[in-house]
> 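Have a look at this one before I ask anything.
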Amino acid sequence: MAISKISFDKVYGVVMTTADGAEYGLHHVTNIWRGTELGFDADDAYYASMIGKTITQITYYTADGVYVLPVNVAIPAAN
């Protein structure tokens with residue numbers, strides 16, 4: 001299914017997976033906005049271990065089903 005066909009009206013949760021297999025769950029309001037906008041605070045101990053890793057997959061849990069999106073997003077260290 002093309003990404004443009006996915007309905008993000010009801011997103012229940014999002015999980016980011018890194019190249020080493022670590023998974024990081026995201027929370028509504030804190031990390032998920034408007035269904036598709038994602039973010040996290042690298043100073044938060046939970047997410048700090050993502051620094052220097054590469055996110056290889058983002059999984060959306062929605063009212064329409066589970067969508068696994070392959071990505072290649074490096075999380076660089078802060079300067």
> List for me each residue that meets side chain to side chain contact (heavy atoms under 4.5 Å, CB included) alongside T54, sequence neighbours excluded, and say none if there are none.
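For T54 the side chain to side chain contact (heavy atoms under 4.5 Å, CB included) partners, ignoring immediate neighbours, are T56, N72, A74.
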
> Got L69 and Y60 here, is their nearest side-chain heavy-atom distance under 4.5 Å?
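A side-chain contact exists here, since the closest heavy-atom pair is under 4.5 Å.
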
> If you group Ile, Leu, Val, Met, Phe, Trp and Tyr by side-chain heavy-atom gaps below 4.5 Å, do V71 and V11 land in one group?
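Yes, it is one cluster - the side chains of V71 and V11 are joined through contacts under 4.5 Å.
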
> Please enumerate all residues that pass side chain to side chain contact (heavy atoms under 4.5 Å, CB included) together with I75, with sequence neighbours excluded.
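I75 satisfies side chain to side chain contact (heavy atoms under 4.5 Å, CB included) with F40, M50, I51, I55, V73 only.
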
> Restricting to side chain to side chain contact (heavy atoms under 4.5 Å, CB included), what partner residues turn up for D43, sequence neighbours left out?
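Side chain to side chain contact (heavy atoms under 4.5 Å, CB included) check on D43 returns D41.
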
> Look up atom CG in N31 and atom CG in L38, then write down how far apart they are to the nearest 0.5 Å.
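Taking CG in N31 and CG in L38, the distance rounds to 8.5 Å.
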
> Any heavy-atom pair between the side chains of Y12 and T62 that's under 4.5 Å?
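Contact flag for T62/Y12 side chains = no.
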
> For residues 15-26, which side-chain donor-acceptor pairs fall under 3.5 Å, sequence neighbours excluded?
| unit_1 | atom_1 | unit_2 | atom_2 | d |
| --- | --- | --- | --- | --- |
| T18 | OG1 | D20 | OD1 | 2.4 |
| T18 | OG1 | A22 | N | 3.4 |
| T18 | OG1 | A22 | O | 3.4 |
| D20 | OD1 | A22 | N | 3.1 |
| D20 | OD2 | K53 | NZ | 2.9 |
| Y24 | OH | S49 | OG | 2.8 |
| Y24 | OH | K53 | NZ | 3.3 |

> Do W33 and I58 sit in one hydrophobic cluster, given that two such residues count as connected whenever their side-chain heavy atoms are within less than 4.5 Å of each other, even indirectly?
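No, W33 does not connect to I58 through the hydrophobic network.
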
> For the side chain of H27 and the backbone of G13, is there at least one donor-acceptor N/O pair under 3.5 Å apart?
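No.
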
